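This report refers to the structure that appears directly beneath it.
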Amino acid sequence: MEQSTKITTRPAICCACSQQCGLLVHLNGEVITRITGDKSHPSSGGFICPKGAHAHELHYAADRVHVPLKRKGRRGGGEWEEISWEQALDEIADKITQLVESDGAETIAHSIGTLHGADWGIGERFMNLFGSPNTVGQDKICYGPTAIGETLTYGFGPSSFTYPVPGKTRCIVIWGMRPSASSPLLWRQMLRARAAGAKLIVIDPEFTKEARKADHWLQLNVGTDVALALGFMHTIINETLYDVAVARESVGFDALAERVQSYPLERVSEICGLPGSKIADLARLIATTGPTIFSAGNGLCQSGNMAVQNGRTIACLVALTGNLNREGGHTLGGPPRDMINNGTAMAVDALSPAQRAKRLGAADYPFIGAGYDAVDAAMSRRWYGQKHLLSWIATAHEPTMWQAIETGEPYPIKALILQYHNPVGASANVNRVADALKNERLELLVAHDLFINASSRLADYVLPAAHWLERPFFSYGYGYMAFVGDYLETQHAPLQPEFEHRSDYDLWRDLGQRLGQSDQWPETATQFWQSLIEPADLDFSELTKHTGPVFGTEVQHPERKVEASQVAYGTPSGQIEFSSSLLDDWGLDPLPYFAQPAIFEHAADFPLVLTTGGRMLHGFHQNAQQMPWFRQKYPDPEVRLHPETAATYGIDDGAWIQIETPVGSVRQLVRLTTALAPGTVQADRWWYPEHEHELEDPYRVAATNINCCTTDAPGDCDPVIGGWLLRGVPCRVTPIVSEGID
Ligand code: SF4
């Protein structure tokens, strides 16, 4: 059939990261010729970054998987048979049925990777309806610890999503975050606020682009953020710079005041590697300048044992300095009252309490286990009875899943469905992950993805995923969750799915229909989303005619007001809790504290400190790393060292070196920089393919993947939520003689 050559433009909302920029997709017939920013979009105003501008190149990439593939021969052998979706889903459903009969529904696990379309996460609905508690998410290292830290302190309401208000916000603290790369729209707003007079403080071990713009940069030692926050509070409390009304009306202020006495500036100075006078000066600035926002990044969420403590101490600072519910400071969000929220949409209540108790990690991490109910009950009192607002963070624990596959403890996991997730690249201690995926005890491995990658090449079935340009869009908040409270945006798919590509929704609907869920899945994702907003008398298609999110209607806004029937904060006491009653109930320290992860017992042999995976504007996690435009800019995985460190070990700029931790070792290419302190080693995340000379085996992961060196050992994981340690691992470096990675 002859292709139409009609030139058209269609609106789209970008899902290449979580910023949700408005885009214009330019087409010749049904072929995208280019993508530009949509100037009429109220949030992004025409902004587009390289990921959005090149999105169609990823969609049209030559190595996309276009049809369902079934493994031939040995696992990982690379031989595939093309089959129909019907055959693939029938066979997968049959195998699942057989495994459930022998081992129970909990033997089926599903692991989700990064954001990749508005129906990201819908598999959790299938799993709850099916009866398995083992949906595994990346929430443990991506925003989850921040949300939990806030929730324990002042109840649900992710105040860390607050944007500064130019002219009102007087101080911005960027903490462990590179918004210029990870959140460009937030960064743009920060620059506007700064131009309107706000002070900018950057807390980061690296002299980042943000630090270059800052009034003050605090170059703390990697992984010592909690100690710094306690040092700030020491000055703020001892000099009575805190909000007296907040202290009076909260729970545990006196206990906190006593606790911070254990963190005098001399001690904090030694831990953080910062002058005590500078810590005190910045504490005074934060407490007295006026409305302040604290923007905490995922660097803090990937701090293993300190991840939730990072969220907790910053939440305490927000409250203590009177910046909660303050114009120009932080505002508590909340779910839209009349719409069906994300947790409810994911059918959380369909999973029986007995099955939920079996969730992997529930026995070790309270928020994954019984503690979730206490948090949920407390939040529900604040948000007019809405349930399951944080269910997306109470997912199963990935390291425990690898253990269950390999050892059968606490029970066997025999089937795993990976969705847009490459754990062999992205998880901690990836050699162990690869062993688990190769293990014969795992009887069924399915991957739904755009590409074959290091994990999906081990699968029994690879199912072709639709790119976000082939999916409709729906969001009621950041990351598509219903918790911001003033946000709703919809859009039709710019393209219909090509070849055999299917969206997440379509996959789970079709699998669900084969496994007894026929009445639970409307035919399309759009119909499903319509059912969520129908109670608020909203219409998906009508909303697509509106450019940008809908703000300010009575439907979205009443949650800002606290009614007589509600408590002020979604904590058990209904108050701000500097001493957390929930942590106390769980047998954990109710007050903020600093501790190093267990792996530091090896520090004598590994005298440097490794941090990994800083964000780049050109890439969103592993997405697009194989694309020519990305590889041209970043041809090799790089490790950055201070020249003094390099000189100590006889290392030259541009050399390949060995990076070693107690967990493993890899090689990367050295770049010398004074942006880092001596002693800090900052390594890129997984590179795919690993090196241009290695194309004959593009899926190998052991040569340069820094996650061979990161840790998910229990003593390094967060005690509340179980997040693993990607930042702040003791390491050593040695020069290697040969060029390249082998
Ligand atoms: S910042 Fe870039 S990748 Fe993220 S939504 Fe905007 S255009 Fe897309």
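All ligand and atom numbering here is 1-based and tracks the order in the structure. For clarity, every value in this text was computed on a predicted model and none was experimentally measured.
Using a 4.0 Å cut-off between heavy atoms, Cys21 contacts ligand 1 through both its backbone and its side chain.
A side-chain donor from one of His41 and Glu489 sits under 3.5 Å from a side-chain acceptor of the other.
A salt bridge links Arg178 with Glu206; the closest basic N to acidic carboxylate O contact falls under 4.0 Å. A salt bridge links Arg194 with Asp215; the closest basic N to acidic carboxylate O contact falls under 4.0 Å.
Atom 8 (Fe) of ligand 1 has an N, O or S atom of Cys14 inside 2.8 Å of it. For atom 2 (Fe) of ligand 1, the set of nearby N, O or S atoms under 2.8 Å includes one belonging to Cys49.
Between Tyr505 and Phe528, the angle of the ring planes lies from 30° to 60°, which puts this pair in the tilted group. Ring pair Phe630/Tyr634 is tilted by interplanar angle, where 30° to 60° counts as tilted.
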Worked check of side chain to side chain donor-acceptor pair (under 3.5 Å) between Arg64 and His59 = CA-CA 8 Å; Arg64 282 258 330 247; His59 167 56; 2.9 Å; yes
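Remark: ligand 1 atoms within the under-4.0 Å shell around heavy atoms of Lys51 are 3 (S). Close approach of ligand 1 to Cys17 (heavy-atom distance below 4.0 Å) involves ligand atoms 1 (S), 3 (S), 4 (Fe), 5 (S). Residue Gln20 approaches ligand 1 through these ligand atoms, each under 4.0 Å from one of its heavy atoms: 5 (S). Which parts of ligand 1 touch Pro184 is read off a 4.0 Å heavy-atom cut-off, strictly below it: atoms 1 (S). Atoms of ligand 1 found under 4.0 Å from any heavy atom of Ala16, numbered from 1 in the order shown, are 3 (S).
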